Amino acid sequence: MTIIGIILILAVIGLYAFWIWYTKNQSGVSAKTEGEIQVFDILVKGVYSPGVIAAKLGKPIKINFKRDESAECSRFVNFPDFKIRKELPEGKTITIELAPDKKGEFAFACDMGMYQGRLIIG
Amino acid sequence: MPFQFKGRSFNMTEEKKIDKKQYNITGMHCASCALTIENNLGRLKGVKSANVNFATQKATVEYDGDDGGDQKIIQTVKEAGYEASRAEAEDEAADHNQKIREQEIKKERNLFILSLVLSIPILTLSMILRDQSNASKVIQSLLAGIVQFYAGWRFYRGMYYAAKNKTANMDTLIAVGTSAAYFYSLATTYIMAGEVFYETAALLITFVILGKWLEARVKGKAGEAIKKLLGLQAKTARIIKEGKEIDIPIKEVEIDDIVMVRPGEKIPVDGKLVEGYSSVDESMISGESIPVEKKPGDFVVGATINKTGSFKFKTTKIGKDTVLAQIIKVVEDAQASKAPIQKFADAISAYFVPTVVAIALITFIVWYFFVLSSFVAALLAFTAVLVIACPCALGLATPTAIIVGTGKGAENGILIKGGEALEIANKIQAVVFDKTGTLTKGEPEVTDLISYSGSKQDLLKLAASLEKNSEHPLAESIVNQAKKDKLELIDPTGFEAVAGHGVKGKVFGKNIFAGNEKMMAKFNILIPGEIKENKDKLENEGKTVMIIAADKNILGLVAVADTLKENSKEAIQRLQKMKIKTIMMTGDNKRTAQAIAKQVGLEQILAEVLPEDKANEIKKLQQQGLKVAMVGDGINDAPALAQAELGIAMGQGTDIAIETGGIILIKDDLRDVVKSINLSRQTLNKIKQNMFWALFYNSVGIPIAAFGLLRAEFAGLAMALSSVSVVANSLLLKRRKLK
């Protein structure tokens with residue numbers, strides 16, 4: 001029994017490590033372009049879908065959030081690096097416009113940090 | 001129906017009004033569509049004019065304001081094959097959202113009641129009657145099934161969407177935890193032998209929904225400040241056009257419109273009073289309860305309430321440029337910001353779900369394979385770990401406190417720009433005050449004129465002629481005095497301002513200099529002993545003395561003094577009580593500065609500081625290891641405000657220097673400096689308390705659950721209450737009196 005237990009614990013640790021590694025190395029969904037603008041559509045339903053988006057530096061970004069649920073948790077989306085907090089009324093599409101001036105990873109999340117997304121500027 | 005207001009009678013019956021409304025039109029694909037709609041609307045009874053703009057997709061219709069008008073117009077457009085909606089739909093959308101949210105809160109409540117009602121018989125059968133019969137198990141499985149799949153459906157849905165995106169979230173934890181309990185019981189009811197624990201699954205879901213319901217309720221309260229501010233906005237304005245008074249929606253008001261305001265009415269936008277006299281209640285903007293007298297030339301602020309008289313004003317700021325709109329923007333931004341302390345919580349949140357799942361699995365393995373306890377005990381410990389570890393409380397700790405804190409500030413005329421400003425305000429060790437306009441009223445007056453050749457009036461005329469091009473506040477007081485004395489001023493030639501020194505120019509063919517001692521030294525003008533004595537005497541009285549010279553001769557002295565604001569002294573004393581060092585910084589000479597410092601009891605003065613050196617002086621204080629706040633009027637002090645750890649800009653109600661400073665004081669009252677530091681301290685304390693409890697709760701809760709010391713349903717209750725307690729703790733801030 002003990003041996004099975006140890007093997008299972010190692011398996012859990014392995015899975016955990018893989019999970020963290022996978023989350024960190026997720027490559028972002030790229031944008032569709034409207035002229036010079038990079039556009040992303042994110043569905044808010046349980047999670048941000050897609051949760052990781054990748055954009056190029058130097059071109060303006062438009063992110064369309066559509067919240068298709070009534071959970072209180074996801075009512076606001078925050079982009080702390082850009083000092084943006086927007087309400088996402090249920091069923092409506094809300095557009096957030098950004099123009100980052102440096103490369104990097106910028107997190108976005110709901111008020112409580114339960115819905116998490118990343119914008120990768122490369 | 002006449003009514004009485006402040007002893008005057010007003011007639012409320014209004015003549016039939018012409019309403020002008022805007023509609024959004026969709027479905028137009030060419031300019032002729034616009035024409036068709038225009039013609040159709042024009043034929044409608046009651047419509048005075050209809051104008052459809054193809055480019056903006058809007059129709060502007062003027063019609064007799066009877067009730068059915070809106071409907072008729074929308075219907076007419078529809079019949080023509082297009083869609084129309086009122087252009088103010090945005091406001092309505094906000095109301096609509098509010099309704100949806102209220103419904104949402106109701107829905108949560110009903111779900112909670114349903115789950116509770118279903119859980120009680122389950123609990124009675126399993127815990128009180130301890131009925132292990134098959135019939136009892138079947139009844140429990142049905143009741144618990146409704147809770148699990150009806151009330152708890154959202155958790156499965158959330159888990160599904162997360163899984164589709166190759167991730168996991170809170171819903172995953174709850175769905176997995178409750179499913180483990182429910183499906184195991186289901187198996188022991190219908191397939192194999194063993195205990196059931198439906199009550200665990202059902203109560204767990206009940207408690208989590210209770211938490212969600214309470215949270216939604218209290219979170220709504222936390223954000224009330226913004227709602228209150230938005231509610232202040234007037235909906236319509238009465239403008240005067242071609243001699244007629246017409247009511248128009250506030251969105252259609254343009255700059256330079258003349259607006260009529262009657263007693264008891266709300267002032268719609270910002271502007272300058274052109275006719276009439278009244279007192280205005282500005283408490284909603286400044287927190288100042290005494291009404292402010294307004295006469296022609298004074299600024300009026302939108303959303304404030306006209307008290308006594310009727311007046312007309314010319315609009316100067318509309319839409320998003322009004323003071324109210326800017327206040328709302330600052331508060332919104334602040335509430336979106338996070339204090340640096342929050343970064344820590346964010347970092348934890350990202351690893352939370354996988355870590356909890358790993359701990360829960362290891363808990364199960366240890367119980368089952370190492371401790372060799374029963375499968376049921378291992379499973380219950382697994383469930384308890386999954387559900388207790390909700391990081392929601394951690395996520396709520398900072399934002400709720402910031403939202404309540406900044407909202408409370410806004411109600412008191414203190415705009416805090418964000419979490420960072422809050423956190424720094426808490427650590428301030430020294431406050432540097434700008435003198436003019438901050439500690440003092442900033443409207444200096446000429447107090448003494450000493451002429452050594454010619455009359456006093458000649459001296460004043462010469463000084464004022466030279467100074468009228470200068471933007472220095474002292475110059476203005478000299479020019480004002482000359483105007484008061486009805487002196488005719490002359491245009492100087494070759495005018496030049498020497499920053500921090502004075503001004504020079506040619507008047508009557510002579511080189512005239514006006515400035516301080518440095519100015520005289522710069523142009524090699526000697527100051528005789530007697531004149532210097534006079535000058536010193538005036539300066540010792542706290543007056544600023546300007547030396548006036550023609551070519552190389554001193555003509556005379558003009559002394560100007562500024563008076564202290566009423567509350568400066570009290571503010572300084574209170575800061576000192578809080579062990580905060582108080583410093584005054586001024587471009588004035590040492591003696592003037594000292595005289596003011598003595599009056600208010602300042603500890604340190606930095607005198608004769610040139611405008612460009614103000615930021616440097618702040619830097620020097622910082623090099624001594626002090627955390628410095630700079631209080632200034634936000635325009636000429638901008639570099640110093642930016643250099644200081646915390647910039648506090650005196651907004652003075654109508655001209656808010658939004659860009660500078662982390663805190664803006666709308667009222668012209670230095671006691672608000674003390675209040676804002678106190679508010680920051682209170683808010684930060686709340687954040688710290690919240691963070692402590694959230695962390696403590698998780699760090700203690702997880703091991704307790706892992707060791708099997710906590711039944712899973714109580715873990716669910718604890719989790720629900722932890723979030724609620726954090727929000728409730730933040731709300732306590734609202735009750736604290738701001739001193």
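What you see is a predicted model; the values in this text were computed from it and never measured. Throughout, protein chains are lettered first and strands after them, A, B, ... in sequence-line order, and every chain is numbered starting at 1.
Surrounding CZ of Phe40(A) are more than 12 heavy atoms belonging to other residues, nucleotides or ligands, all under 6.0 Å away. Heavy-atom neighbours of Ile3(A) CD1 from other residues, nucleotides or ligands within 6.0 Å: at or below the threshold of 12. Crowding of Phe370(B) atom CZ: a count of heavy atoms from other residues, nucleotides or ligands under 6.0 Å exceeding 12.
Taking Thr355(B), Leu372(B), Val366(B), Ile362(B) one by one and counting their heavy-atom pairs under 4.5 Å with chain A, the maximum is reached by Thr355(B).
Phe369(B) pairs by the side-chain contact (heavy atoms from CB on, under 4.5 Å) definition with Met1(A), Ile4(A), Leu8(A), Ile365(B), not counting sequence neighbours.
In this structure, no portion of Ile105(B) lies under 4.5 Å from any heavy atom of chain A. For Ile6(A), the parts lying near chain B are the backbone and the side chain together; criterion is any non-hydrogen pair under 4.5 Å. In this structure, no portion of Lys164(B) lies under 4.5 Å from any heavy atom of chain A.
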Quick one: side chains of residues 48-61 of chain A, donor-acceptor pairs under 3.5 Å with protein atoms, not counting sequence neighbours, listed by atom name and distance.
unit_1	atom_1	unit_2	atom_2	d
Tyr48(A)	OH	Cys110(A)	N	3.2
Ser49(A)	OG	Asn165(B)	OD1	2.9
Ser49(A)	OG	Asn165(B)	ND2	3.2

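Evaluated for a side chain to side chain contact (heavy atoms under 4.5 Å, CB included) with Val12(A), the options Leu361(B), Ile359(B), Val357(B) yield exactly one hit, Leu361(B).
Here the shortest heavy-atom pairing between Tyr16(A) and Ala358(B) reads CD1-CB, 3.9 Å.
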Audit row: Arg154(B), Glu69(A), side-chain contact (heavy atoms from CB on, under 4.5 Å) steps and yes/no: CA-CA 10 Å; Arg154(B) 67 171 77 179; Glu69(A) 64 178 358; over 6 Å; no

